[in-house]
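Have a look at the structure below, then the notes.
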Amino acid sequence: MARSSMPPRAAVSATQARRVDPDADRSHDHNSCVATLLDRARQSFDKHGLRLTPLRQRVLEEIAASHDAMGAYDVLDRLSRRTGERVAPISVYRAIDALLQAGLVHRLESRNAFFACHAPHLNRQRHMALVCDACAKVVEVPAADLYDSIDAASDANGFQLKSAVAEGSGLCATCRIQEHPS
Ligand SMILES: [Zn+2]
Ligand SMILES: [Zn+2]
Ligand SMILES: [Zn+2]
C-alpha cells in the first residue's frame, strides 16, 4: 500500500499535525490527500463556471480534514471553533450542496453524514462506501459487479432504476488490528 512508499518527510509532518490538530488522520501523509482534493475542487468549479468561494473551501477543508464521515452540525461546530466566526446553518448546507454537486463530497445515506471523495470520479458512480463503526473512517471501493447485479435485478422486474447506493459498515483494517492484536 501507499504507506510503505511514504517519504521520510511525511513522518515529520505527521508529528507536527499531532500538535496542530488532534483530529488529523496520522496513518499517512494526509496533507497530500487534502492538497489533491483542493486542486480537483478548483478545477471542477472552474469547469462549471462556478467559484470555489472561501466558505465552500473552508467547508471542504473541514470535511476533508480526515477520512471520517461527519454530520452537517459537526462541520458547523468545527468551522466556528476554528475561525471563531458564526456561520448560519443554511450557508453551511448550501456550501455542502455545492460540494455534493461537484462530486467532491458524498452523503453517507445510512448516517446522514458527509465525507470527502478521494477517488477521482463523479457522483460516486459504481463505488461502494465502507464505513468503520469504531473510527468513522470511510473508504470508497469500486463495485461495478454489484451495480451490474442491481441493474439486472431492476430490469428483470421492469423497474426503472434512478439511483442506488451501496454502503457497508464494520471495522476498518486499522481498528481490526487494534481490537485483535496478534
Ligand atoms: Zn488522507
Ligand atoms: Zn467518491
Ligand atoms: Zn476504523
Side-chain angles (χ1 to χ4, degrees), residues 1-18 20-45 47-48 52 56-71 74-75 78 95-147 150 163-182:
M1 283 212 281
R3 240 161 268 181
S4 55
S5 61
M6 200 164 68
R9 186 169 56 76
V12 176
S13 61
T15 325
Q16 286 167 345
R18 194 177 317 224
V20 174
D21 183 357
D23 298 327
D25 185 329
R26 279 166 242 125
S27 61
H28 60 288
D29 182 12
H30 188 62
N31 290 338
S32 80
C33 298
V34 175
T36 306
L37 185 61
L38 283 176
D39 271 355
R40 208 175 112 207
R42 282 183 208 103
Q43 284 166 17
S44 173
F45 279 109
K47 203 171 78 189
H48 296 98
L52 180 62
R56 285 173 181 171
Q57 175 162 345
R58 272 185 293 156
V59 168
L60 180 59
E61 281 168 349
E62 289 305 334
I63 298 175
S66 73
H67 288 265
D68 304 356
M70 67 174 81
D74 289 331
V75 178
R78 283 156 172 264
I96 292 175
D97 257 353
L99 297 169
L100 282 169
Q101 299 282 329
L104 301 160
V105 156
H106 303 307
R107 185 197 306 273
L108 197 60
E109 304 292 345
S110 55
R111 302 193 184 186
N112 195 21
F114 305 91
F115 63 97
C117 173
H118 295 282
H121 55 212
L122 270 184
N123 304 324
R124 295 177 91 155
Q125 267 184 350
R126 302 179 99 73
H127 276 62
M128 166 175 197
L130 298 174
V131 198
C132 179
D133 290 329
C135 71
K137 177 169 145 183
V138 184
V139 180
E140 282 187 277
V141 292
D145 289 351
L146 175 64
Y147 285 98
I150 294 173
S163 69
V165 266
E167 295 176 356
S169 68
L171 280 182
C172 75
T174 312
C175 292
R176 277 182 71 191
I177 292 166
Q178 275 163 11
E179 288 220 338
H180 302 285
S182 61

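One is the number of the first residue; the rest follow in order along the sequence. First listed ligand is number 1; within each ligand, the first listed atom is number 1. Because only heavy atoms are used, hydrogens play no part in the values below, and waters and symmetry mates are left out as well, while side chains stay in.
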What is the minimum heavy-atom distance between [X] and [Y], and which atoms define it?
X      : Y      : value
Arg111 : Cys132 : NH1-O, 4.0 Å
Asn112 : Arg107 : OD1-NH1, 3.7 Å
Val131 : Ala136 : CG1-O, 4.4 Å
Leu37  : Ala116 : CD2-CB, 3.7 Å

Using the test salt bridge (Lys or Arg N to Asp or Glu O under 4.0 Å), find all partners of Arg176 that sit at least two apart in sequence or belong to another chain.
->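 None.
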
Taking just the N, O or S atoms of His28, which one is nearest to the Zn ion (ligand 1)?
->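 Among the N, O or S atoms of His28, the one closest to the Zn ion (ligand 1) is NE2.
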
Of all N, O or S atoms in His30, which has the smallest distance to the Zn ion (ligand 1)?
->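 Atom name of the closest N, O or S in His30: ND1.
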
How many protein N, O or S atoms are found at a distance of less than 2.8 Å from the Zn ion (ligand 3)?
->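 The number of such protein atoms is 4.
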
Hey, is the Zn ion (ligand 2) within less than 2.8 Å of some N/O/S atom on His118?
->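 It does not; every qualifying atom lies at 2.8 Å or beyond.
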
Taking both backbone and side-chain atoms into account, decide whether His127 has an N/O/S atom under 2.8 Å from the Zn ion (ligand 2).
->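 Given the 2.8 Å cut-off, His127 does not count as a ligand of the Zn ion (ligand 2).
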
Look at the aromatic rings of His67 and His30 and report parallel, tilted or perpendicular, splitting at 30° and 60°.
->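 Geometry flag for His30 against His67: perpendicular rings.
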
Once rounded to 10°, what is the value of the angle centred on the Zn ion (ligand 1) between Cys33 SG and His67 NE2?
->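 Reported to 10°, the angle equals 120°.
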
Answer yes or no: is there a donor N or O on one side and an acceptor on the other, between the side chain of Arg40 and the main chain of Cys117, under 3.5 Å?
->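 A pair under 3.5 Å: yes.
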
Hey, does the side chain of Glu140 reach the backbone of His127 with a donor-acceptor pair shorter than 3.5 angstrom?
->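 Flag not set: sc Glu140 to bb His127 has no pair under 3.5 Å.
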
Angle subtended at the Zn ion (ligand 2) by NE2 of His106 and OE2 of Glu140, nearest 10° |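 Centred on the Zn ion (ligand 2), the NE2/OE2 angle is 90° (to 10°).
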
Mind checking the CD-OG spacing from Glu109 to Ser163? Nearest 0.5 Å is all I need.
->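 Reported value, rounded in 0.5 Å steps: 8.0 Å.
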
